[in-house]
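Below: one structure, written as structure tokens.
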2 protein chains.
Amino acid sequence: MDILLLRTFLSVAETESFSASAQEMHCVQSNITSRIRRLEAHLGQPVFERGRGGARITEFGQLLRQHAEDLLPRFDAAERDLLDAAGISAPLRLGAMETTAAARLPSILKALKQLCPTAPISLRTGPTGELLSLLWNRKIDTAFVASPIDENRFHSVPAFREHLVLARSAANNQTGPLLAFRSGCSYRATAESWLRSDGKSDTEIIEMGTFEGILGCVEAGMGFAIAPESAIRTYHGVGSLNLTALPAPYASVETHLTWRIDHKPSHAHQALCHLVGENLAESS
Amino acid sequence: MDILLLRTFLSVAETESFSASAQEMHCVQSNITSRIRRLEAHLGQPVFERGRGGARITEFGQLLRQHAEDLLPRFDAAERDLLDAAGISAPLRLGAMETTAAARLPSILKALKQLCPTAPISLRTGPTGELLSLLWNRKIDTAFVASPIDENRFHSVPAFREHLVLARSAANNQTGPLLAFRSGCSYRATAESWLRSDGKSDTEIIEMGTFEGILGCVEAGMGFAIAPESAIRTYHGVGSLNLTALPAPYASVETHLTWRIDHKPSHAHQALCHLVGENLAESS
DNA sequence: ATCCATATATCAAAAATAGAGATAGAAAAA
DNA sequence: TTTTTCTATCTCTATTTTTGATATATGGAT
């Protein structure tokens, strides 16, 4: 039972498709067929039922899946740990909210690159909910997300304290619809609860994909947005925006650097923790 | 990082020798060299220092060893479980004391073969101490050993109650030296403590390798032996032996079927448990 | 009914990998 | 020194894996 077969099996089990798995595994589809067949030949039982809609896992496959989902992360964790100990930095797969990425990460990542020049760093942006899900599925190693964080599933250290402000067009200072990220964004949740408490629960909400886009629309007077002040300050057109602090319980939001509770941080990860710790200390 | 490399690594780490590992892994020595080099190339660090006396593990190798000793047994256990669930019986590696093997196993194994015709069964005989060590190192799956058993490390079910008897030559009924197995045999330990309690602690002990050999010597009047009555009854020359029961605390010894506490029993293993359970019930 | 889009299976050739066996070289033991 | 006992290296062969092209099956749209 080779580890590549297990990995392929899990990939197919998750995607429920041989062809999708082939893309995920960066190989041609016939390889997936061949690997799954090898696995089935070795175990003497089919693990997928192939049919019209793709591949559905069999009952026996479920048993294999339980074992595979236990074994593979252990294997990967061991390998990461060994490579890290050998000085071969494992890639640090980072996640961050788009606002954090815009306002906070440039300086942090620059410092991190100096501390760990050999560690490849990748960044994936998304709302808090999506990032937590990526963390849980071990697609990323650590992420900057808005608190609070489930302490039973994640470890975290405080990273930044953000001040939420209401951004409106300076020229045309009337409120309109709320321009927000898609669901899962914690700032949007904060904005919505403030609106509710303020008796404005019928405010129209327009979802947009990028922070730049939202601020552009605000600048054009299309509506208002709620975002961390630090992020808005990075916007090139910040001068034509009217910023107002939110009232007390909604104004201040803490961003945490978070990772799975059973994830052993690599050297680069630890360095990042130190960096945000220092950063927080000097800013307070 | 392939699993074969890890297995080879552990084999070398245990034997501290590439050539010995090659024998253990049933391949030529150059393969071991090549696998360890592959492993080292992947991890970027040497895991063994090669030199005069063979291969000594490096500090980095120790870290790898920790991971490997955690991962490999998990892998093997998962594979056994899956094959077992698929109806492909994993080989049942059995251990037993020589006396148990002679007196009890023939009928038990015959019944087991009928219940699990496809399960390959292998048997390794040795004294209790050696069998427990084999169990602990996962070289065998389950073994018949003399109680008591460390319940923190092993599970067990009672299998047989043996009655220890003193065997002497019927013709020349004088005591001489004690003919016993090599150290580690629990019957020998019982015999020695009985001799001590009886004030005969200076009795000469001659070690022999096989049960047949011991009884042959006893029959020839060379000395006496202590063994389970059931085992002695299988000896072809039992008619010319004089058997005497041992006094109370030493007479009765229980044999248990034992396995590692973290070892998930296969179907064949469970069948064996049932068999010895039935056997014990009808004999009592 | 036919065609199309989307699945997995199959096959042959190429590439990569692992294996055996012979031998070299180094270092301890006799 | 000679012998023995290690690991390293090299070549050839066998096996395995990957690729890419193609075949086959199925449900849905026209």
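Sequence lines set the chain letters: A, B, ... in the order given, protein chains first and strands last, and positions in each chain run from 1.
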Q.
Between A/Phe48 and A/Arg56, does the side-chain contact (heavy atoms from CB on, under 4.5 Å) criterion hold? Intermediate values first, please.
A. CA-CA 5 Å; A/Phe48 292 114; A/Arg56 281 190 307 284; over 6 Å; no
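- Non-hydrogen atoms lying under 4.0 Å from DNA chain C are contributed by nothing in residues 11-22 of chain B.
- A/Gln23 and A/Ser19 share no side-chain donor-acceptor pair at under 3.5 Å.
- Residue A/Arg80 comes nearest to A/Ala90 through the heavy atom pair CG-CB, 3.9 Å, listed as atom of the first residue, atom of the second, then distance.
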Q: Could you go through the salt bridge (charged side-chain N to carboxylate O under 4.0 Å, His left out) check for A/Glu14 and A/Arg138 one step at a time?
A: CA-CA 13 Å; A/Glu14 276 163 26; A/Arg138 305 179 205 264; over 6 Å; no
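- Separating the CD atom of A/Glu40 from the C1' atom of C/dA9 is a distance of 12 Å, rounded to the nearest angstrom.
- Here the rule is side chain to side chain contact (heavy atoms under 4.5 Å, CB included) with B/Arg7, and of B/Asp76, B/Val12, B/Asp2 only B/Asp76 fits it.
- Atom C1' of nucleotide C/dA9 and atom CG of A/Leu39 are separated by 17 Å, given to the nearest angstrom.
- Counted by atom type alone, A/His67 and B/Asp81 present one or more donor-acceptor pairs between their side chains at under 3.5 Å.
- Around atom CZ of A/Arg124, no more than 12 heavy atoms belonging to other residues, nucleotides or ligands sit under 6.0 Å away.
- Summarising the geometry, the separation between CZ on A/Arg38 and P on C/dT8 is reported as 17 Å, rounded to the nearest angstrom.
- Non-hydrogen atoms lying under 4.0 Å from DNA chain D are contributed by A/Cys27, A/Val28, A/Ser30, A/Asn31, A/Arg35, all within residues 24-37 of chain A.
- In the set D/dT7, D/dT18, C/dT8, the nucleotide with an atom closest to the side chain of A/Arg50 is C/dT8.
- Rounded to an integer number of Å, the gap from CZ of A/Arg56 to P of C/dA7 is 13 Å.
- One interatomic measurement links the two molecules: CG of B/Leu5 to C1' of C/dT17, which rounds to 12 Å at whole-angstrom precision.
- Between the side chains of B/Thr118 and B/Ser89, a donor-acceptor pair is found at a separation under 3.5 Å.
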